[in-house]
Amino acid sequence: VIPELGYGATVAALVLALWGAAAAVMSARSGSAALLRSGERAAVGAFALITACIALMLYAFLTFDFSIQYVAINTNRGTPFYYRITALWGALEGSIVLWSWMLSIYTLIVVFQYRRRQPELYPWVLSVMLGILAFFLLVMTIPAPPFERLTPIPPDGRGLNPLLQDSGMITHPVALYLGFTGFTVPFAFAMAALIVGRTGEEWITITRRWTIIAWYFLSLGLLIGGWWSYHVLGWGGYWAWDPVENAAFMPWLTATAFLHSVMVQERRRMLKLWNLSLIILTFGLTIFGTFLTRSGIIGSVHSFTQGSIGIFFLGFLALALLGSFSLLASRMERLRAEGVLDSVVSRESMFLLNNLFLVAAAFTVFFGTVFPLLSEAVRGVKISVGAPFFNLVNIPVFLSLLFLMGVGPLIAWRRASAENLKRNFLKPVLAGFVAAAALRAVGVANGLVLTAMGLVVFVASTIALDLFRAVRARRRSGDGWSAATWGLLLRQNRRYGGFIVHLGILVVALGVAGSQAWSVQKEVTLDRGQSAELAGYHVRFDGLSASEESNHAKVTGAFTVTNGGAGGDVLHPAKKFYPQDQSPIAAVDYRLGFFEDIYVVLGDFANDGSHATIKVQVNRMVSWLWMGGFVLTLGAALAILPDARRTA
Amino acid sequence: VKASWLKWAIPAAVVPVLLLLAYGFKTNPHDIPSPLLNRPAAAFSLTTFSGAPISLESLRGSVVVLNFWASWCVPACYDEAPALERTWREYKDKGVTVVGVDVQDKEEAAREFLAKFNHSFPNAPDPKGRVSVDYGVYGVPETFFIDRQGRVRFKVVGGLTDETARHHLDALLKEPS
């Protein structure tokens, strides 16, 4: 009965979401409180029903209910316990369920937070959010029903895609979807503000923390995706400019632009049209990303299966973009700036530049991603656009952004004086040059790396200098160093949260620059007992062993790695053979280090264990990406604390 | 905002992008070719399952259909196998050679596969995976069409059909040798 219950719950949730959206609109028009309450109850009901769908799905997975096609495809009797839970979002249908569930949670939080506080905007916000939720429930009802029955019931399932049987798959989609769906909240507020005609700063102030939360989860999702790619895919990289990575990166870029440009509107009452456009674009890009991954129109390692689902998403994308941009156009008269740009040397113009670069980056990524399609449509030529294009156009953009990251937060609003520039930037610029020169002196010759590292030191120095001065000022009022620092961080949490996020980005930037420039690898075939040498590491092939795991067979190599005279560490890269998959999966083994990782991938081998081909990599500074993620988390947490200055 | 119609330029700008995406439904992303297209095909020399040597060099002057397969590749390699044999029979007298390269396989299983489909064209194992690496194969089956000058001209990812094979071969055979 689970398929029937699940399908029933989905349809009921769809009806509730549609009713709730309509009731909220009617209440906004008529002022009827009863209709609004009914819409809210519909939102709560939809949440409860989607939660029930998740519970039913989990139950089906845990009890191996192969009468459900989705369960039969994504699990088998050997699938370990926690992968039976993550299998829930391991493929198309389940990922939509997860998406809907998160969206319904966000809707619920909006209901409880704003039902009394924003009487004018709130009904429209509720309506927009429920409307979007209704779309995802429609997808769950027609093109991608998760509870589709399978007859006859097979004795065993096919099993989860082996690449997804990894701990990263527990957190990566969850973080990513929390990011994607999170942007629905600021988008809904923006739409409500346009509909009601309150196009001032209000919607921005209300949604500031929502935007940071969504941005943070999206960043985290991207980093965890990189980690997954690094330790599962076995090519030693973390980012490949794959269309689907790009699909998640584009909204990140526009959202980052949005996070900065709203500050200009708050302070200077400019960029109203721009901010609305950015949030529409960000939301549109999250839908575009979903469309790209699920329609199969562009080849990618991440693609889900194809089907009519693409047409649903394209239709929704068209509706969302045309609808919201038309709404924007119809309110154009109200969106005139009240402030003006006084000087090019000012914080607002730096933020404008930052926006320009971020949007340019988003555009080039978009262009590169859809270019194969464009080329085929216009010239009939099939081509593929790869990493070289994206790196070529984006490296200068990202270096410029690094520079602006140092300048933007400390330059004065309106018009910066020579005094302001000198006070805030002279020492950091010198520090940057000294750092680059020092690196050059110790033998770093790569110009891009020198530039990147010099910029990182420059930005870090601006932050350190600012923090040092502020703490020193507080110490004059009698606090000790640590009390002064904590007091400052908590009192000006928004400012210093932002700075810490910037530090996190700097650490990530160091990781990217270092790993791109200094990683080395080699591929060798070793006889048993033979060693290979790479960058001071000696890797000796000790032998192979075969084993039968719960859901796959595995051939494991033993390789003793020594560096210098030390005792040595045995690495066990393996190849896993899953019955449901055509080609074996490489299981990488590695040792992470602060400055370098040793990373071994098992390639071909002789069945008698006499020789094996391996790829050995010494990947430098990759760990900094993950450390940057932790710093980013601290900064984001600080930034979303309630504003101490207002409550105090 | 000077003219009132100008503001509608923003929503209007979305339309071409949507149309482009809609066009995407008509295309097949698996056709996106490899960077090897129109480049000289990588040389290989292998020993077939029947013990005969075979190399790209020795086939110069004829059109080559280079098919990468494996016995564990279910179902695509099994689906395309009859089409490959039919293509070989139809075209072998017109200056076309079909060559199968068996990737990461067990010998007995591979021989069983060949016997099952009665393959009469040359098939060779790729013991160290070197040829598949040279051709950038990332999954089986993949098929490369190499012209008389030894350049890779078409690549097909996934099962080959009679129609696709005929389409590509007729195009290559029409070219002056």
Asker: Please round to the nearest 0.5 Å and tell me the distance separating atom CG of A/D604 and atom CG of B/D126.
Answerer: 8.5 Å
Asker: Side chain from CB out, backbone as N, CA, C, O: work out which of these in A/F366 comes under 4.5 Å of a heavy atom of chain B, or both, or neither.
Answerer: side chain
Asker: Output the distance between atom CD1 (B/I10) and atom CG (A/L322), rounded to the nearest 0.5 Å.
Answerer: 12.5 Å
Asker: Would you mind checking which part of A/S277 comes under 4.5 Å of any heavy atom in chain B, side chain (CB onward), backbone (N, CA, C, O), both or neither?
Answerer: neither
Asker: Mark yes when over 12 heavy atoms from residues, nucleotides or ligands other than B/K94 sit less than 6.0 Å from its NZ; otherwise mark no.
Answerer: yes
Asker: If you round to the nearest 0.5 Å, how far is CG of B/L21 from CZ of A/F313?
Answerer: 13.5 Å
Asker: Is B/V14 close to A/L317 at the side-chain level, that is, under 4.5 Å between some pair of heavy atoms?
Answerer: no
Asker: Hey, is CG on A/N607 packed in by over 12 heavy atoms from elsewhere, all under 6.0 Å?
Answerer: no
Asker: With a 6.0 Å cut-off (strictly less than), is the heavy-atom count around CZ of B/R60, excluding the residue itself, greater than 12?
Answerer: yes
Asker: So which part of A/S326 gets closer than 4.5 Å to some heavy atom of chain B, the side chain, the backbone, both or neither?
Answerer: both
Asker: Taking the side chain as every heavy atom from C-beta outward, state whether B/V17 and A/V370 have any atom pair closer than 4.5 Å.
Answerer: no
